[in-house]
Amino acid sequence: MTIIRLSSVDKSYGSLKVLHGVDAEISEGETFAIIGPNGAGKTTLFKVMTGEIGCEAGSVEFLGKDVTRDPAYKRTRAGMGRTFQVARVFKEMTAEENLIVAVEARLQNTGKSDAPWYAVKPSSATLDEVHSILVRLSLDKKARTPASELSHGDKKRLELGITLAGRPKVLMLDEPTAGMSPSDRVGVTELIRDISGKGSGLTVVMTEHDMGVIFGLADRIMVMNQGRKIAQGSIEEIRANPVVREVYLGKEAHHA
Amino acid sequence: MNRLSTYLLVALAAILLLLPLWANSGLVFLTGTTIIVAVFALSWNLLFGYAGLASFGSGGLFSIGAYTMAVMLRQGYEGQFLLLIVLATLAGGVVAFAIGFVALRRSTGIFLAILTLALAELLRITLAKIHWLGAEDGIPSIVRPTFSIGFATVDLSRGNSYYWFVCIACALLVGLTWWIAHGRFGRTLRTIRLDVERAAFMGVDTHRYRLVAFTISGAIAACAGALFAPWAQIVTPDIGNMMRSTQPILFTLLGGASSFWGPLIGAFLFSAIEFSTRTLVGIQEIITGGILLAVVLMFPTGVAGAWNALIAGLSARPEPAKAAPALQPVKE
Amino acid sequence: MLEASRINAFYGGSHILHGVDLSVPALGRVAVIGRNGAGKSTLLKSIMNAGPTVNGEVSWEGRSIAGLPTFKRARLGLQLVPEDRRIYQHLTVRENIQMAAYATTPGRRPIPVQDIVDRFPMLQPIAERGGGQISGGQQQMVAIARAIACRPRLLLLDEPTEGLAPAIVEQLAVSVRELCDAEEAALLLCEQNIWFARQITDTVLVMDTGRITFRGSWPEFDNNPEIKQRHLAV
Amino acid sequence: MFTLVNGLTTGMAVFLVAAGLTLVFGIMRILNFAHGAFFMIGAYVASSLVGSAPRSVLALIAAAVVAALVVGVLGIVVQRFILRRIQHVDEHYMLIATFAVMLVCVGFVKLVWGLEFLSVDPPPGIDAGVEIAGLFIPSFSLFIIASGIVVFLVLDFVIHRAWAGKMITAIARDGWMAELLGINVPAGIMAAVGGSFALAGLAGGLLLPNQTLSPALGDSFLLLAFITVVIGGLGNVRGAFIAAILLGVIDGLNTMFLPAYPGVVVYFAMVAFLLLWPNGILGESRL
Amino acid sequence: MRLNRRHFLTTTAAGIGALAMPGILRAAQGDTVRIGLITTLSGPGQLYGNYIKDGSEIAVERLNAAGGVNGSKIELVVRDDKNSPEGAVTAFRELTGDGIKLFAQGTFTANLLGTLPLLEEADVTMMMVGASALALTHEAYNPRAFRLGFSSPMCFGGYGNLMAQKHPEIEKWAMLRSDVTALADITNAFSNGLKAEKVKAGRTVEILDPVLVPYGGADFRNQISNIIGSGAPGLFNVLQGADAISYYKQARTFGLDQKFKVLCDSANEFAIAKAMGANTPASLWSWTGWYPAANKDNAVSDEVHKAYIKLRGDEYPNWYIGVSHDSILTIANAVQKAGSMEAAKLIPTIETEAPQGALGKIHFRKEDHGFAGDLTYIRFGRDDKNANGWSVFETAQLPGAEFLERATPGSKLN
């Protein structure tokens with residue numbers, strides 16, 4: 001079943017056209033990767049999907065509903081969770097508080113808030129959920145650390161946690177391993193695989209430069225160049241595609 | 001909050017309550033004024049420190065509250081005083097909601113600041129033209145009301161009773177604000193200040209939250225204004241002028257925006273400076289300006305920030321002092 | 001040419017570099033590799049005095065430059081190309097390169113902008129474009145061209161391959177190598193991409209949690225699988 | 001028609017004051033509350049130089065230039081000893097600092113020049129009026145308009161064409177990188193801030209014969225200048241120029257069609273502008 | 001630099017001394033007669049507040065030199081009202097808390113309206129210095145307060161009357177005023193006075209609606225071209241302070257002198273000439289509350305004038321100097337005559353006494369405590385022969401009591 005459908009999306013920044021009639025269909029449960037050289041329009045496409053920016057033409061459908069005009073928070077409520085290239089966490093709050101606000105936001109949005117309206121402290125169920133997320137992200141020892149003092153990798157992990165706290169149907173990851181060391185990359189790749197494993201039913205849409213990460217996770221890949229989709233298919237199909245090799249992969253065999 | 005600060009707070013509250021028993025009536029009047037504008041500053045910081053919105057026009061809302069109260073008392077509704085406070089609060093909330101509804105979707109940051117400044121000036125100019133409201137000279141001789149609360153009659157017109165009423169009302173307002181700031185709503189608001197986009201991607205309707213915060217802040221500001229009218233016993237259009245609007249900003253930054261108590265500390269500090277230099281006429285500006293500069297240069301995180309750092313320094317093991325980097329590091 | 005000893009660097013309260021020693025000889029090609037957060041960027045910034053609070057001794061051609069502000073170090077011929085490139089969006093590519101003329105070492109004339117543009121074939125079609133209208137790969141090229149334009153004696157490159165498509169990384173390796181040779185500039189490179197670092201340097205330092213844990217040539221590095229395993233987890 | 005010329009005069013007078021304000025914003029990202037006070041100091045300094053009756057237009061301009069220099073130096077002192085020390089803390093502290101500087105400046109003016117009103121006449125040559133196409137126009141108005149246009153053209157050239165401007169822009173947008181490229185950033189900022197303050201002083205000198213000197217002089221222009229800067233797009237000199245003209249004309253039409261409410265329409269216009277173009281008519285500009 | 005480093009230093013030293021001295025000690029000095037002076041000593045009104053302070057201090061000095069009050073020295077305790085009612089109230093409550101029973105306060109109406117309701121509870125007597133607003137002796141009338149100032153109907157009604165007499169030929173008048181509602185009293189009074197006299201003389205007069213200018217504005221050219229376009233030969237100007245001077249400057253380039261036969265200014269008197277020097281309009285009328293040269297046979301006036309010249313080196317004191325001097329004098333005289341500082345004894349004394357002040361005999365209308373002294377008008381203008389570039393051409397005096405509005409204490413005048 002198709003969970004996200006993009007139909008002929010156009011987007012310009014001023015006079016610069018960055019997306020030319022992009023189509024895409026993402027099926028439920030799959031891990032879908034968007035790759036392409038810098039400036040190909042990956043991040044822009046991402047933003048159009050999540051509702052950060054609008055598009056001039058075309059439409060975005062989510063769960064069979066047209067959400068082209070919906071702002072980001074509505075799409076998030078409908079089940080899109082997103083992370084950013086440079087991890088964005090609430091720096092003045094501790095790791096724990098970051099997750100508390102995320103869990104509370106979800107409960108509030110779904111109308112299932114369990115703390116009474118006058119309560120100052122979060123409910124114990126919320127705290128339990130927060131702690132289970134912290135443990136899952138191996139951040140439990142840093143629960144009381146202000147997010148601004150976390151390492152780069154930990155921030156990325158925490159941000160993933162914030163997103164997961166929203167219990168999304170689709171996890172949208174914008175370069176989840178950007179700026180990470182190879183070992184961290186392996187860790188995050190495994191974490192994502194673990195989260196989106198079969199049976200979880202979670203759909204993952206990601207952009208990424210590291211082919212190792214892509215080839216380790218993706219079910220299907222879409223390749224973009226200069227605002228256009230130039231190829232789409234399984235890992236093998238993409239590897240074999242001569243156009244893709246020329247514009248993007250180069251002699252990746254050397255150092256992938 | 002650490003224990004020492006709590007003790008200090010309790011001690012300060014006690015001093016404030018007992019003040020009329022020993023202090024000069026001018027000092028009592030100034031303290032009452034300070035308590036009210038401190039709550040006013042607190043309402044501003046609810047918007048600034050929690051929702052990340054800076055308004056330069058909060059004086060307008062203060063004056064709406066004050067005028068509503070003054071007019072209703074003049075019309076002879078003093079028996080319903082408590083109701084009048086609620087009414088004035090609502091009036092501020094409604095106006096703030098209307099402004100927020102139109103403005104917040106389109107402008108934030110400095111533009112919102114200037115927009116609110118313009119609206120407050122417009123209000124001031126308008127008030128100064130309405131004869132029925134006394135034009136520039138405002139509404140004088142406002143009574144301190146006597147009213148009944150069912151089983152007892154409260155007479156606020158005598159001696160220092162209105163002072164204590166102000167103390168109690170402001171304590172309630174501080175409590176209310178504390179509760180708003182520290183509960184779920186406050187936590188969510190903080191995420192909006194820290195990263196509005198990230199908050200939206202948690203499914204938070206950031207526009208709505210900001211609008212609610214703007215409304216609450218405006219309502220509390222108007223409530224402070226409503227308490228102020230019988231306190232000063234006169235309201236004039238200048239009650240909402242630019243200086244009034246900069247008051248909470250000054251107090252908040254002086255005290256420390258990152259602390260809930262910052263605006264209160266700033267308000268009392270500022271009043272203390274003004275009172276202790278009251279006889280140095282002619283050089284008031286230089287003294288006030290100089291002290292402000294000194295505070296900003298010495299405690300760039302506000303007095304509350306410096307205090308917290310001091311407490312942290314006392315309780316933690318000493319750490320070598322480190323200079324701030326010469327240029328903003330962009331990425332670590 | 002560059003000698004740094006016992007460098008300690010701090011950001012606010014956190015201690016990032018712990019007594020790092022480093023030297024780059026004239027015409028030397030040195031790579032510092034290590035995982036993210038190891039302190040590589042901080043090391044480069046410490047050498048430039050551009051961000052962290054630093055104590056320790058840094059000398060340039062035998063003279064201490066401790067306490068010298070960043071712009072004076074740049075004028076001595078140290079040029080850092082930061083990780084995030086920092087191309088001026090409001091200036092054209094050509095103007096961006098021209099800006100570097102301000103950093104020329106006294107006595108060395110800057111390279112005329114046209115020469116630079118000629119030397120980077122990738123820049124020719126975009127020379128008059130605004131800095132905000134070029135892709136990430138092009139930005140990296142402009143950043144390096146801008147640094148080269150003032151004839152640096154030592155080029156400090158911070159993660160130049162970050163975020164670049166593999167095909168571009170290969171081109172970049174060739175360009176950097178040629179440029180450093182032509183300009184007789186020494187090179188200090190911070191990288192995570194070992195393949196890239198190997199292409200353009202001959203000495204390698206491994207950094208982990210703010211300390212240098214290995215120093216040697218690439219063959220020595222290759223013979224030391226334990227280092228790779230422990231500090232890079234490749 | 002007369003209203004238009006008059007509006008232009010008002011507009012250019014406001015622009016002269018607003019130019020420095022928008023520049024400081026472009027460089028330092030602060031709304032400088034002290035700007036009006038520096039404008040006032042410029043006016044007082046110039047008046048001390050030329051006395052109450054300047055001998056010629058040249059003498060007035062020379063006094064304005066000296067006032068600009070004096071205020072520029074004051075600006076550098078403020079930058080060096082106050083603003084620079086707090087540039088890393090929350091930007092709002094800059095606001096409080098400039099507010100404090102304003103208070104000190106006003107107090108200083110009161111001590112040095114006293115409270116009595118001072119007045120400086122337009123110098124001979126521009127103290128009468130000229131008749132153009134049957135329209136009586138005070139020649140001092142023409143002087144103000146010309147000054148505004150000249151200042152605008154020079155500023156626009158320096159910022160958008162000259163290398164000095166490009167360098168300052170580079171510093172304003174990314175000082176860290178500018179320093180890496182070998183630009184003396186602290187000196188650059190100091191010069192730019194000094195220059196912006198000098199513009200306030202220059203405005204004070206040029207507008208000297210236009211109004212009365214009193215310690216409240218700073219306030220009369222500050223709010224209008226704020227409005228101009230915001231409507232034009234913060235940090236945007238071209239925007240400020242256009243906004244100043246618009247405001248001047250709107251104010252002129254206000255007196256013509258709504259004489260019972262002088263100076264009120266400007267506020268309505270401002271609210272409308274801000275709602276229609278929340279980022280200013282030409283957009284915000286980091287210089 | 002004229003504003004007196006010496007003066008500033010003594011103020012500061014006195015201030016620091018006062019700070020250092022505990023309140024109890026100060027309150028214990030029972031052998032002095034303490035008078036609280038609350039006026040505007042910061043912000044835009046400071047100029048006038050300083051005049052009031054100077055005049056009051058001159059009075060205290062003179063009275064003490066003459067032996068004080070019943071052998072006690074007078075002590076003036078000065079407080080800034082910070083240009084706001086609540087500032088005035090703070091100062092008032094502080095001083096009453098310190099036991100002060102005698103007050104003088106000026107100049108802004110709103111600040112007085114803030115303190116008037118408090119007089120009863122504090123049981124004090126107040127002299128309102130120089131205030132002109134009608135409310136003070138009408139709807140906000142307080143029996144404990146006396147207005148030593150000129151009400152608008154009195155001084156500007158008289159003004160209109162005088163102009164109608166001096167210039168019967170002028171049949172059309174234009175008016176210009178700041179967009180401040182309170183100033184409407186002034187234009188109304190002027191046109192009423194003008195009309196009344198014209199009717200008496202059997203003539204008609206056309207008085208145009210006032211042209212309004214924004215208060216504190218910087219550019220009045222549009223309004224100037226408006227009034228010039230009106231074609232009226234007479235002009236009454238109700239701008240104040242810096243606004244007025246800016247207006248005369250800007251109007252000069254339009255040829256104001258040639259366009260109007262008679263120029264009248266409300267109350268800026270010499271402030272205009274002092275600032276504009278040789279560019280003062282050729283001839284300009286102004287009302288003034290006190291002009292020593294018009295009070296030649298008054299010894300008190302001369303002494304105050306001399307004391308002021310000694311203090312500030314200025315030959316043309318602002319009228320607030322005389323009014324504030326007389327305020328203190330009136331209080332001191334009443335204390336001396338009543339032998340008490342109790343309001344109950346002072347009020348009847350002030351009502352009946354008429355001490356000789358700089359302004360002449362100081363007496364108040366009993367019904368509403370409004371001052372009913374003489375009205376003084378001056379005509380001055382450019383004069384190349386005089387070194388300072390201007391001189392006074394003529395003065396005119398009218399009996400103020402004739403123009404006093406109806407007494408309606410406690411309710412609005414209508």
Side-chain angles (χ1 to χ4, degrees), chain D residues 2-3 5-7 9-11 13-14 17 48 51-53 106-107 110-122 126-129 136-141 144 207 209-217 219-221 223-224 248 251-256 259-264 266, chain E residues 1-5 8 41-51 178-179 209-226 228-229 241-255 268 270-280 312 314 318 389:
Chain D
F2 178 78
T3 313
V5 176
N6 238 333
T9 314
T10 317
V14 170
V17 183
S48 292
S52 66
V106 171
K110 284 182 177 175
L111 281 185
V112 175
W113 284 283
L115 296 162
E116 303 273 349
F117 305 117
L118 299 177
S119 158
V120 174
D121 308 319
I126 52 171
D127 59 344
F136 175 83
I137 298 166
S139 31
F140 187 70
S141 295
I144 292 178
L207 295 178
N210 194 49
Q211 60 270 311
T212 313
L213 292 182
S214 79
L217 177 60
D219 305 343
S220 60
F221 272 105
L223 196 62
L224 266 185
D251 196 45
L253 295 175
N254 183 177
T255 24
M256 204 149 103
Y261 301 96
V264 173
V266 167
Chain E
M1 276 295 185
R2 203 159 32 76
L3 191 99
N4 289 295
R5 194 175 301 117
F8 156 64
L41 297 169
S42 59
Q46 191 183 344
L47 179 64
Y48 305 108
N50 275 2
Y51 292 142
S178 288
D179 183 24
D209 282 341
V211 170
L212 303 186
V213 300
Y215 176 73
D219 193 318
F220 307 115
R221 291 191 181 79
N222 280 316
Q223 286 87 358
I224 292 166
S225 82
N226 263 0
I228 287 178
D243 281 9
I245 297 164
S246 295
Y247 146 75
Y248 284 115
K249 280 165 68 147
Q250 293 176 6
R252 208 171 73 84
T253 54
F254 286 82
N268 292 299
F270 300 123
I272 297 162
K274 281 189 212 167
M276 296 184 71
N279 279 318
T280 308
R312 298 287 174 207
D314 180 1
N318 185 282

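The sequence lines fix the lettering, A, B, ..., with proteins before strands; numbering per chain opens at 1. These numbers were taken from a predicted model, which means no experiment stands behind them.
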Report yes if the side chains of E/Arg252 and D/Pro122 come closer than 4.5 Å at any heavy-atom pair, otherwise no.
yes
Around atom CZ of D/Phe117, are there more than 12 heavy atoms of other residues, nucleotides or ligands at under 6.0 Å?
yes
Any side-chain heavy atom of D/Thr212 within less than 4.5 Å of one from E/Tyr248?
no
Considering all heavy atoms, the nearest D/Lys110-E/Gly43 contact
NZ-N, 3.5 Å
When you compare the side chain of D/Asn210 with that of E/Arg221, does any pair of heavy atoms fall below 4.5 Å?
yes
Applying a strict 4.5 Å limit to non-hydrogen atoms, the region of D/Ile144 in contact with chain E is side chain
In short, D/Ser119 meets E/Ala275 closest at the heavy-atom pair CB-O, 3.2 Å
Quick one: OH on E/Tyr48 to CG on D/Leu115, what's the gap to the nearest 0.5 Å?
10.5 Å
Find the one option among D/Val120, D/Val264, D/Leu224 whose heavy-atom pairs under 4.5 Å with chain E are most numerous.
D/Val120
Under a 4.5 Å heavy-atom cutoff, which of D/Pro209, D/Ala53, D/Ser52 has the most pairs with chain E?
D/Pro209
By a 4.5 Å heavy-atom criterion (distance strictly below it), what part of E/Asn226 contacts chain D: side chain, backbone, both, or neither?
side chain
Could you measure the distance from the CD1 atom of E/Ile245 to the CG atom of D/Leu213? Nearest 0.5 Å is fine.
9.5 Å
Per-residue contact mode, E/Gln46 against chain D (heavy atom under 4.5 angstrom)
both
Identify which part of D/Thr255 has an atom lying under 4.5 Å from any heavy atom of chain E, answering side chain, backbone, both or neither.
both
Counting heavy-atom pairs under 4.5 Å with chain D, which one of E/Thr253, E/Asp209, E/Val211, E/Val213 comes out on top?
E/Thr253
Counting only heavy atoms closer than 4.5 Å, note whether D/Phe140 contacts chain E via side chain, backbone, both or neither.
side chain
Does D/Asp121 have any salt bridge (charged side-chain N to carboxylate O under 4.0 Å, His left out) partners at least two apart in sequence or in another chain, and if so, which?
none
Starting at CG of E/Asn222, measure out to CG of D/Asp251 and round the result to the nearest 0.5 Å.
7.0 Å
So, for D/Ala260 and E/Asp179, which heavy atoms are closest and what is the spacing to 0.1 Å?
O-OD1, 4.3 Å
Where does D/Pro259 contact chain E at under 4.5 Å (heavy atoms): side chain, backbone, both or neither?
backbone
Atom CD in D/Gln211, atom CZ in E/Phe220: separation rounded to 0.5 Å?
9.0 Å
Side chain from CB out, backbone as N, CA, C, O: work out which of these in E/Ala271 comes under 4.5 Å of a heavy atom of chain D, or both, or neither.
side chain
Reported CG-to-CD distance for the pair E/Asn318 and D/Glu116, which is rounded to 0.5 angstrom:
8.0 Å
Name the option with the most non-hydrogen atom pairs under 4.5 Å to chain D; the candidates are E/Ala278, E/Ser225, E/Gly277.
E/Ser225
